[in-house]
> 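Sharing a structure here in structure tokens format.
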Amino acid sequence: MGLDFVQFNGMSGEFYMAEVTGSGGALFDYDNDGDLDVYLVQGAMLGPGKTLADASFPSRYSAPITDRLYRNDLEAGVARFTDVTVESGLAELNRSGPNGPLETGSYGMGVTTGDYNNDGWVDVYVTNFGPNRMLRNNGAGSGKAVTFTDVTAETGTDDPRWSVPAVFFDYDRDGWLDLYVGNYIAADLVQRQICRDFIGAQDYCGPGAFDPEPDRLFRNLGGTGSSVAFEDVTDAVGMQRGFGAALGVIAADFDGDRWPDLYVTNDSQPNNLWIQKQDTQGRAMFSDEALLAGCSVNARGKAEASMGVDAADFDGDGDLDLFMTHLTSQTNTLFVNDGRGLFDDRTIDSGLGAPSRPFTSFGTGWFDYDNDGWLDLLIANGAVKTIEALARQKDPFPVHQTNQLFRNLGDGSYEDTTADAGAVFELSEVSRGAAFGDVDNDGDTDVLVINNNGPSRLLINEVGTDNHWLGLRLVVGTSPRDGLGARVGVERSGQPTLWRRVRTDGSYCSANDSRLIFGLAASTKFDRVLVEWPDGSQEQWRTLTVDRYSTLRQGEGEPVAASKQ
């Protein structure tokens, strides 16, 4: 298949935390040919004077070690990948960009995607332990390769701290994608904390040994072509304080007022729910309402590790619920929304608690793997601290675990279907990021799992097409670009409306396919598709074809009466 990426974590016996927290990847159509390509974030050697010769596990790559871009050359329904890192210009950018060589000070963590300059080509933002990078997609003329340019400095989007999650979203609904960057902890490669494991040997520290770093919200100022820039509005919108050690972020409307909010998961610290309101002059202001909303800590009042996160309407009641992953013994957490942005911890009732207790979980996502209309869950697992049983067996990397798949039963609960999900779920690896999307364009969701110190795995869905489906791409503007932030409902007689949101966020350190797939089970009928566009307007479609993808362009649907919001 050609997807031969292996993550290099740069371990050298120094126990730098970044070595076991990365990394992620993206599923996105960088060349506008209608299929999903893959961007994978790479690690590096860390620490003064460290070289590849010091690595505990040799790299399969010679220096310089870089992120990789793989083009999908889909043929007869089979995804085939070609490494285009060099021809896209990314190899040279990664080798010696404006921030210096990656292998001597900047360690790859995560990635988010979005067309920030509205030119119709999806751009890439990479978060690092060290300076982040904004990579502008230059597009391509006839017969020319698509290339990228590092525009971090000219866009004003750098952050030299340890950033992990990021998301493009249009918080002020002005038609330009803004950028939220979540920062983790103030870890120093020289003045290091020393932590111990269960037998007193040196081990990786937890986040409590460090101070958390503040996040940043960048507002897109608009412009043309390469002149688009951002400004840091973190303080101006009311986000001066209250940050934790961020590992995940979701941009979505949680309280139903049609303005995007932000949910940020923080490692072993209370999470943030930044609810957006407009002040008397129509300016956006955010306030952290997580504690009052019931999604700051779990039902026992405890902050948890909160690595991966997703938001979706899993129970079919029309609002966005939250799911997040945690450390071994904590259990993962399900918060159910009451429609007003108030949440209830239903982890135990859902059946998702007990099966997660033995695992440390990172990437996760709600997706309808069997296209029956109910959102299922995949969870990517891998510990960060030494697993005693593996250490006693002299395992060279004693933190690996198996991944899990849960099926939505349609009554608010889940069943563990991992044992029936295929041989790939028998592999014990150190999984981190997980990106969700239809790689082979057959109408069901595939999953890209990114492993720490191991190969990435592309999980091709072989059951979703047993049922009917409706695939949608939503676009706005004249370029056009993906309508990130749009909310789409497929109304069906006598059944719950299927609500989905256009997004690339969620999971851990990863970016997802922006297209939507609605599982219709055995039916080929629906009443209408209702679209709530990011600017608040509404349109509807009634005659779309089932079992294929359609593109919905803002302004081409049948108008619906204006919303009160």
Side-chain angles (χ1 to χ4, degrees), residues 9-24 41 43-48 50 99 104-110 126-132 158-166 180-198 200-217 234 239-249 264-272 288 290 296-297 302-309 324-330 360-362 382-386 399 430 432-433 452 508-509:
N9 66 15
M11 291 175 63
S12 61
E14 299 293 339
F15 294 93
Y16 298 120
M17 282 185 66
E19 297 167 354
V20 292
T21 50
S23 55
V41 181
M45 293 303 302
L46 289 172
K50 294 293 183 182
N99 299 314
T104 60
S106 195
Y107 188 105
M109 291 301 304
V126 181
T127 61
N128 294 306
F129 177 80
N132 298 334
D158 187 21
D159 195 315
R161 295 167 292 190
W162 185 354
S163 303
V164 180
Y180 189 89
V181 178
N183 288 313
Y184 190 43
I185 55 175
D188 193 301
L189 298 180
V190 179
Q191 301 295 324
R192 297 190 296 123
Q193 298 282 354
I194 303 298
C195 300
R196 305 288 176 181
D197 68 7
F198 60 95
Q202 187 175 351
D203 201 352
Y204 292 98
C205 295
F210 309 89
D211 292 328
E213 294 276 30
D215 302 345
R216 301 180 78 181
L217 176 61
T234 312
M239 293 180 168
Q240 298 95 329
R241 60 183 64 86
F243 299 107
L247 287 178
V249 62
V264 182
T265 57
N266 298 313
D267 192 354
S268 302
Q269 297 164 343
N271 298 329
N272 304 116
D288 183 10
S296 173
V297 294
K302 301 292 185 181
E304 298 174 293
S306 299
M307 279 83 83
V309 62
M324 61 215 66
T325 58
H326 303 301
L327 285 173
T328 299
S329 80
Q330 290 183 344
T360 290
S361 307
F362 280 81
V384 292
K385 290 184 175 291
T386 301
V399 288
V430 187
R432 294 294 182 252
N452 184 285
Y508 176 77
C509 284

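Atoms considered below: every heavy atom in the structure, side chains included; atoms not considered: hydrogens, waters and symmetry mates.
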> Could you give the distance from NZ (Lys385) to CZ (Phe15), rounded to the nearest 0.5 Å?
10.0 Å
> Is it true that a side-chain atom of Asp267 and a backbone atom of Ala245 form a donor plus acceptor pair closer than 3.5 Å?
no
> Could you check whether any side-chain heavy atom of Tyr107 comes within less than 4.5 Å of a side-chain heavy atom of Thr21, counting everything from C-beta outward?
no
> Do Asp288 and Asn272 have side-chain N/O donor and acceptor atoms under 3.5 Å apart?
yes
> Return the CD1 to CD distance between Ile185 and Gln269, rounded to the nearest 0.5 Å.
9.0 Å
> What closest approach, in Å, do Tyr184 and Val164 show between heavy atoms, and which atom pair accounts for it?
CB-CG2, 3.8 Å
> What distance do Met17 atom CE and Leu46 atom CG have between them, rounded to the nearest 0.5 Å?
12.5 Å
> Do Glu14 and Lys50 pass the side-chain contact (heavy atoms from CB on, under 4.5 Å) test, and can you show the C-alpha distance, the side-chain angles, and the key distance before you say yes or no?
CA-CA 10 Å; Glu14 299 293 339; Lys50 294 293 183 182; 3.2 Å; yes
> For Asp188, which residues count as a side chain to side chain contact (heavy atoms under 4.5 Å, CB included) partner, sequence neighbours excluded?
Val190, Gln191
> Asp215 and Val264: which non-hydrogen atoms are nearest, and at how many Å?
OD2-CG1, 3.8 Å
> Looking only at atom types and distance, does a side-chain atom of Thr265 sit under 3.5 Å from a main-chain N or O of Val309, one as donor and one as acceptor?
no
> Ignoring hydrogens and angles, tell me if any N or O in the side chain of Ser361 forms a donor-acceptor pair with the backbone of Thr325 under 3.5 Å.
no
> Any salt bridge linking Arg196 with Asp203? Criterion: basic side-chain nitrogen under 4.0 Å from a carboxylate oxygen.
no
> Quick one: are Phe129 and Arg161 in side-chain contact, heavy atoms under 4.5 Å?
no
> Strictly by modelled atom types, are Tyr204 and Glu19 linked by a side-chain donor-acceptor pair under 3.5 Å?
yes
> Quick one: closest heavy-atom pair of Cys205 and Ile194, and the distance?
SG-C, 4.2 Å
> Could you tell me whether the side chain of Gln330 reaches within less than 4.5 Å of the side chain of Lys302, counting heavy atoms only?
no
> Would you tell me whether Asn132 and Asp158 have side-chain atoms, one donor and one acceptor, within less than 3.5 Å of each other?
no
> Side-chain contact test, heavy atoms from C-beta onward, threshold under 4.5 Å: evaluate it for Met109 versus Asn128 and give yes or no.
no
> Please report the shortest heavy-atom distance between Thr127 and Ala166, naming the atom on each side.
CG2-CB, 3.8 Å
> Using the side chain to side chain contact (heavy atoms under 4.5 Å, CB included) criterion, which residues pair with Val384? Sequence neighbours excluded.
Val20, Leu327, Phe362, Arg432
> Between Phe243 and Pro214, is any pair of side-chain heavy atoms under 4.5 Å apart?
yes
> Show your reasoning for whether side-chain contact (heavy atoms from CB on, under 4.5 Å) applies to His326 and Ser306.
CA-CA 5 Å; His326 303 301; Ser306 299; 3.2 Å; yes
> Working to the nearest 0.5 angstrom, can you tell me the gap between Gln240 CD and Thr234 OG1?
9.5 Å
> Rounded to the nearest 0.5 Å, what separates atom CH2 in Trp162 from atom CD in Glu213?
10.5 Å
> For Pro207 and Ser268, work out which heavy atoms get closest and say how close.
CG-OG, 3.8 Å
> Between Asn183 and Ser163, do the side chains contain a donor N or O and an acceptor N or O under 3.5 Å apart?
yes
> Output all residues satisfying side chain to side chain contact (heavy atoms under 4.5 Å, CB included) with Arg241, sequence neighbours left out; order by chain, then residue number.
none
> Check Pro270 against Ser296 and note the closest heavy-atom contact, atom names and distance.
CB-OG, 3.2 Å
